[in-house]
Amino acid sequence: MTNNPTSKIVPAILSGGVGSRLWPLSRALYPKQLQPLVSDKSLLQETVLRVSGDQFDAPIIVCNDDHRFVVGEQLQALGVKPAAILLEPEGRNTAPAVAAAATWIEAASPGAILLVMASDHVIRNQDNLLDAIASGADAASQGHLVAIGITASAPETAYGYIKAGAPLEGVSNCMRIERFVEKPDLETATAFVASGDYLWNASLFMFKAEDYMAELERLAPDMAQSVGESVANSSDDLDFTRLEPKAFCAPEPNSIDYAVMEKTDKAVVVPADLGWNDVGAWNALWEISGKDENGNAVVGDAVIHDVSNSYIRGGEQLVAAVGIQDAVIVATDDAVLVADKNRAQDVKTLVEQLQNRGRAEHESHTKVYRPWGWYQSLEIGRNFQVKLIQLSSGAKISLQRHQKRAEHWVVVAGTATVTKGEDVFDLQVNESTFIPVGEKHRLENKQADRLQIIEVQTGTYLGEDDIERFDDNYGRD
């Protein structure tokens, strides 16, 4: 790699989407970028590893508050210490997210080159990526705003396009951008691919942080000022940086494409064949998955007969399919999706219906991750709920109480240290305790092994908002 040796390349990884087209696997509280869809690592982890070589500085992650602990744990599992994890108060599209990262790194490391990446894309050709980054760094060091465009192999209508123009003098494999085109119809996309002048827009960008902010100040001054104020008034929360919400949310949401890249006269593009896929829907995941002799991608516990060109994903329950083709079947423990593979983009409509009906399946799985571990709802009935709760070694829940429910705890693995009112005591496997309504309590795992308990809640209201916290290691209210 031959970029300017005085410039550091800082990956800015955006992890704010919910991936609703990959429902029921991807949900608001545990979206696709946090899931292992193509390997034993999550898409976020794969993205971080992709830019973890000597030529890169520690990454900046931009994510939302709900995902912060899972993001932190996944980075820790890789042994990666980020430069920062910036928490958006709410999603406002990519332009302010990139501005927050650029403002932060401009103060911490003047002259740094920012490499903006989505956290939920697949890139198969790592060597080609590094070559493209090398050219992009050369162009960025000269003050250009760089897009890495993907060689268009098919007339895709779900992607935006970039038209490459004249070569940029002095930088190999880099051209000026003539124009950006939003998702075209099939006829137009076919003409684009046939011309050889158009590339897919993969939302991969490179520029000096200061150059991006200068263009944002020129083209969208209100956003630049608001995000700058938000970063300046941010607050530290454990290993995270909370962006000040009022200023951050003041400007209208906007993408980096609309706000800056389509308007600047400094835009250039580096073409690259990356084996790229945005994993935007189930048919995209089928395309990049290994398949059997009949074109089926089968994951998990599934039995099929006379099935072709389909994506079948079983969860904890068996999926059986007979006599279908071009289908998507995805099962989780609380939902089953059946769809025509050619209409996979329409899954988002189902998620909107669930949301409009006030259902919870669009938001979370039955297993919900918390900074101390996770819980899984096993059974819900009138005035009762049964959960399996697991605490990691050294973890403890907040000191809390409930006004509308009582809890019965039975230890099934490990040793529980229980605070109940003024008493603190240990419970071993097969031992239990009862937490009355209104009693202050806490569960803690002081052992090296995991702790698992069965919790039976009883009461007139069992919602998660019936928690009054008095002391919490994780900065929650």
Legend entry - Donor + acceptor pair across side chains of Asn201, Asp257 (<3.5 Å): yes

Inset, instruction - Keeping the roles fixed (side chain from Asn125, backbone from Leu129), state whether a donor-acceptor pair exists under 3.5 Å. - result: no

Legend entry - Between Glu244 and Ser234, a side-chain donor and acceptor under 3.5 Å: no

Legend entry - Heavy-atom closest pair, residues Ala139 and Cys174: CB-SG, 4.0 Å

Legend entry - N/O donor-acceptor pair under 3.5 Å between Asn93 side chain and Ala95 backbone: no

Legend entry - Short side-chain to backbone donor-acceptor contact, Ser230 and Ser226, under 3.5 Å: no

Inset, instruction - Mind listing the closest non-hydrogen atom pair of Leu37 and Leu285 along with its distance? - result: O-CD1, 4.1 Å

Inset, instruction - Drop me the distance from Gln74's CD to Gln35's CD, to the nearest 0.5 angstrom. - result: 9.0 Å

Inset, instruction - Enter the distance from Ile13:CD1 to His121:NE2 here, rounded to the nearest 0.5 Å. - result: 12.5 Å

Legend entry - Tyr311 side chain near Val299 side chain, heavy-atom distance below 4.5 Å: yes

Inset, instruction - Decide if atom CZ of Arg343 counts as having more than 12 heavy atoms of other residues, nucleotides or ligands within a radius under 6.0 Å. - result: no

Inset, instruction - Report yes or no: do Tyr198 and Arg179 form a side-chain donor-acceptor pair below 3.5 Å? - result: yes

Inset, instruction - Please answer whether the main-chain N or O of Asp131 pairs with a side-chain N or O of Asn128 as donor and acceptor at a distance below 3.5 Å. - result: no

Inset, instruction - Could you point out which residue of Leu114, Val270, Val116, Ile148 forms a side-chain contact (heavy atoms from CB on, under 4.5 Å) with Met206? - result: Ile148

Inset, instruction - State, with a plain yes or no, whether a side-chain heavy atom of Asn283 is found less than 4.5 Å away from one of Asn342. - result: no

Inset, instruction - Kindly compute the distance separating OG (Ser364) from OH (Tyr30), expressed to the nearest 0.5 Å. - result: 13.0 Å

Inset, instruction - Could you tell me whether Glu90 and Lys246 make a salt bridge, using a distance below 4.0 angstrom between a side-chain N and a carboxylate O? - result: no

Legend entry - Salt bridge present between Arg442 and Asp471 (N-O < 4.0 angstrom): yes

Legend entry - Distance-minimising heavy-atom pair for Gly280 and Arg21: O-CB, 3.2 Å

Legend entry - Atom pair CG (Asn254) and OG1 (Thr94), whose distance is rounded to the nearest 0.5 Å: 7.5 Å

Legend entry - Criterion side-chain contact (heavy atoms from CB on, under 4.5 Å) on Val268 and Val171, from CA distance to verdict: CA-CA 11 Å; Val268 298; Val171 180; over 6 Å; no

Inset, instruction - With Ile85 as reference, evaluate Asp239, Thr241, Leu75 under the side-chain contact (heavy atoms from CB on, under 4.5 Å) test and give the passing residue. - result: Leu75

Legend entry - Ring centre gap for Phe240 and Phe69 strictly below 6.0 Å: yes

Inset, instruction - Decide whether Thr332 and Arg27 meet the rule of one side-chain donor and one side-chain acceptor closer than 3.5 Å. - result: yes

Inset, instruction - Give a yes or no on whether the backbone of Leu14 and the side-chain of Ser119 come within a donor-acceptor separation of less than 3.5 Å. - result: yes

Inset, instruction - Inspect the surroundings of CZ in Phe180 and state if more than 12 heavy atoms from other residues, nucleotides or ligands are less than 6.0 Å away. - result: yes

Legend entry - Shortest non-hydrogen contact from Met261 toward Leu145: CE-O, 3.7 Å

Inset, instruction - Give a yes/no verdict on a cation-pi contact between Lys291 and Trp286, requiring under 6.0 Å between NZ or CZ and the six-membered ring centre and an angle within 45° of the axis. - result: yes

Inset, instruction - Would you indicate whether the side-chain heavy atoms of Ser42 and Gln33 approach each other to under 4.5 Å? - result: no

Inset, instruction - Check the side chains of Glu215 and Thr264 for a donor-acceptor pair under 3.5 angstrom, ignoring hydrogens and angles. - result: yes

Inset, instruction - Would you give the length of the straight line joining atom CD1 of Ile133 to atom CD1 of Ile113, rounded to the nearest 0.5 angstrom? - result: 11.0 Å

Inset, instruction - Verify whether the ring centers belonging to Trp23 and His362 lie closer than 6.0 Å. - result: no

Legend entry - Approximate separation, where rounding is to 0.5 Å, of Arg50 CZ and Leu43 CG: 8.0 Å

Inset, instruction - Tell me yes or no: between the side chains of Ser141 and Asp138, is some donor less than 3.5 Å from an acceptor? - result: no

Legend entry - Salt-bridge criterion met for Asp334 and Arg359 (N-O under 4.0 Å): no

Legend entry - Distance-minimising heavy-atom pair for Phe248 and Ala100: CE1-CB, 4.4 Å

Legend entry - Pairing of Asp237 and Arg242 as salt bridge, 4.0 angstrom limit: yes

Legend entry - Leu29 vs Val70 side-chain heavy atoms within contact, under 4.5 Å: no

Inset, instruction - Using only heavy-atom distances, determine whether the side chains of Ser393 and Gln447 contain a donor-acceptor pair under 3.5 Å. - result: no

Inset, instruction - State plainly whether the residues Lys367 and Asp333 are in salt-bridge range, i.e. N to O under 4.0 Å. - result: no

Inset, instruction - Report yes if some heavy atom in the side chain of Ile467 is under 4.5 Å from a heavy atom in the side chain of Glu464; otherwise report no. - result: yes

Legend entry - Between Trp200 and Tyr161: side-chain donor-acceptor atoms closer than 3.5 Å: yes

